[in-house]
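First the structure, in the form of structure tokens, and then the observations on it.
Letters go in sequence order (proteins before strands), and every chain restarts at 1.
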There are 2 protein chains.
Amino acid sequence: MASEGTIRAIERTFRIAEFLGTHGPVGLSAIATGLELPKSTVYRHLRTLEGEGYVTDDEGNYALSLRFLDLGERARGRHSEYRLAAEKVGELADRTAERAQFTIEEHGRAVYVHQQMGANAVRADTYPGKRVPIHTSAAGLAILSHYPRRRIDAIVDRHGLEAMTPRSITDPETLHDRLQRTRERGYSINDQGVIEGLRAIGAPVIGSENTVIGGLSISGPINRIEGQRLDEELPSLLLGATNELELDITYQ
Amino acid sequence: MASEGTIRAIERTFRIAEFLGTHGPVGLSAIATGLELPKSTVYRHLRTLEGEGYVTDDEGNYALSLRFLDLGERARGRHSEYRLAAEKVGELADRTAERAQFTIEEHGRAVYVHQQMGANAVRADTYPGKRVPIHTSAAGLAILSHYPRRRIDAIVDRHGLEAMTPRSITDPETLHDRLQRTRERGYSINDQGVIEGLRAIGAPVIGSENTVIGGLSISGPINRIEGQRLDEELPSLLLGATNELELDITYQ
DNA sequence: GGGAGCGTTTCACCACGCGAAACGCTTAGG
DNA sequence: CCTAAGCGTTTCGCGTGGTGAAACGCTCCC
């Protein structure tokens, strides 16, 4: 029935949790109709989630509990590399006055792990834990550029090349061209592939045994990320920070 | 069997997730023995969690995925009050140079929602999503001080008065005394009730219709949180920030 | 005062989650 | 070099536990 040997009740419960995450505090019936599930089933799931402390019930308005934040922070703290990366993200944000982030690949998608706004950084709805198609983000491209071909193909097969803007990469040839150029110059460029008007550069963070830990990136508006700043100043800062981070990780 | 009408499979899955959260990346057998569950059962749960993207499998080493962080951040963003509180936490941390935090009550426990370290703040393993017994924290006492008696009693009945340090409050009489003093002076004091050597003051944040949203607090080492600073300077800053926050919330 | 909507409860059914056991595989040790 | 221990994975028959249609009581608003 389901994929294979997986537990349907758990899949449903996470669908309910995700529904609560996107639709905010909401009542039982809205969930049931939104997910096309019987009310009694949703009710039982919510009772269970509430009993476990993962959902709050404010007079029939169900919402996600902060226990998810607890687990999320534990997930973020699971590797010391992520903590070291947070410091470098802070430095980059301070020195460039733009937004800086550290991103990893998880299940074939790019996930923001740390993010910091510099003094002039533009607002954007990126937050830790947010996922984007890996081929659209600068850090994602940087990560992919160090993956073996078969692993890249597997990700493309699984997720396709979904566009987030008209300038997103959408065909495999362009992707591999961009990855090749990324390898050559050591950093990637995302030109308005995630958000229009926003440009970013990214660099892969290599750990021990030549594995990719994740990617550091700097992003800002196209009118500031251009010319000599785009070609020299920011890449130099980014690659410097990446290099320092790699040393931190090796000799922590 | 279980509480009543709840779904056992879901309870187990969260126990597995929590195990991964506290024990870091770990293998299947360790989970099975740690939770006293058959390997095949744990395996099925892990496969489901991995399929849903909530667990990562790095060559047999299972770990929590950052999807939990995604849900957690959504939980934190569910109320605009929490976002406004974040700004005030930042201001308090900057102006006092200590650690400031915004805390709410969830399922009878105090949960840190926002936290910021000031210039001189001491390190502590408090992070967003972390839960502590509500009667031990300054913000928790502040919140309780505005709850009706029956609601306080219900929480005490449910969770007891667990001590975190020898100076934690452990009997109901002392608790109600402290709450009464909190009401009188408008702010609470936690003298080394959570961590030895750490003192904190907290104030309740009152929303519309006289309901308590949460609590703001400032914490630091006992040698800096004392004398005139403890009695006047910090309470004044704290109550000022709380008042501003309440206005922000009302007229947002 | 009636009807629509809500969250909750009930109940019989049989799919589905369960766990003992067996299975390959890798690793370590004699 | 062979064995044994340990790992993650797979199998399979059992029976329970998750399921969903339906009914229930309640509040709110015509």
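- Electrostatic pairing of B/E73 and A/R76 does not count as a salt bridge here, judged by no charged N lying under 4.0 Å from a carboxylate O.
- Ionic pairing of A/R67 and A/E52 is not present here: no N-O contact between side-chain nitrogen and carboxylate oxygen is shorter than 4.0 angstrom.
- Distance B/L28 CG to C/dG24 P: 19 Å, rounded to the nearest Å.
- With sequence neighbours left out, B/H79 forms a ring-ring contact (aromatic ring centres under 6.0 Å, His included) with B/Y82.
- For the pair B/R47 CZ and C/dG17 P, the interatomic distance rounds to 14 Å; values are reported in whole Å.
- Between A/L49 atom CG and C/dG7 atom C1' the separation is 16 Å, expressed in whole Å.
- Atoms CG and CG, from B/L141 and B/L179 in turn, are 6.0 Å apart once rounded to the nearest 0.5 Å.
- Nucleotide C/dG17 holds its C1' atom 14 Å from the CD atom of B/E11, rounded to whole Å.
- Remark: A/E18 does not engage A/R131 in a salt bridge, criterion side-chain N to carboxylate O under 4.0 Å.
- Between the CD1 atom of B/I31 and the P atom of C/dG19 there is a distance of 16 Å, rounded to whole Å.
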Please list, pair by pair, any protein nitrogen or oxygen found under 3.5 Å from a nitrogen or oxygen in nucleotides 19-27 of chain D.
residue: D/dT19; atom: OP1; partner: A/R12; partner atom: NH1; Å: 3.3
residue: D/dT19; atom: OP2; partner: A/R44; partner atom: NH1; Å: 3.4
residue: D/dT19; atom: OP2; partner: A/H45; partner atom: NE2; Å: 3.1
residue: D/dG20; atom: OP1; partner: A/R12; partner atom: NH2; Å: 3.3
residue: D/dG20; atom: OP2; partner: A/R12; partner atom: NH1; Å: 2.9
residue: D/dG20; atom: OP2; partner: A/T41; partner atom: OG1; Å: 2.9
residue: D/dG20; atom: N7; partner: A/S40; partner atom: OG; Å: 2.8
residue: D/dG20; atom: N7; partner: A/R44; partner atom: NH2; Å: 3.0
residue: D/dG20; atom: O6; partner: A/R44; partner atom: NH2; Å: 3.4
residue: D/dA21; atom: N6; partner: A/S40; partner atom: OG; Å: 2.9

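- With rounding to whole Å, B/E59 atom CD is found 15 Å from C/dC25 atom C1'.
- When the side-chain nitrogen and oxygen atoms of B/S29 are compared with OP1 and OP2 of D/dG8, one or more of them lie within a distance under 4.0 Å.
- Across all their heavy atoms, A/A203 and A/G186 have their closest contact at CB-O, 4.2 Å.
- Here C/dC16 presents its P atom at 14 Å from CD1 of A/I10, a figure rounded to the nearest Å.
- In this structure, CG of B/L35 is placed 13 Å from P of C/dC18, rounded to the nearest angstrom.
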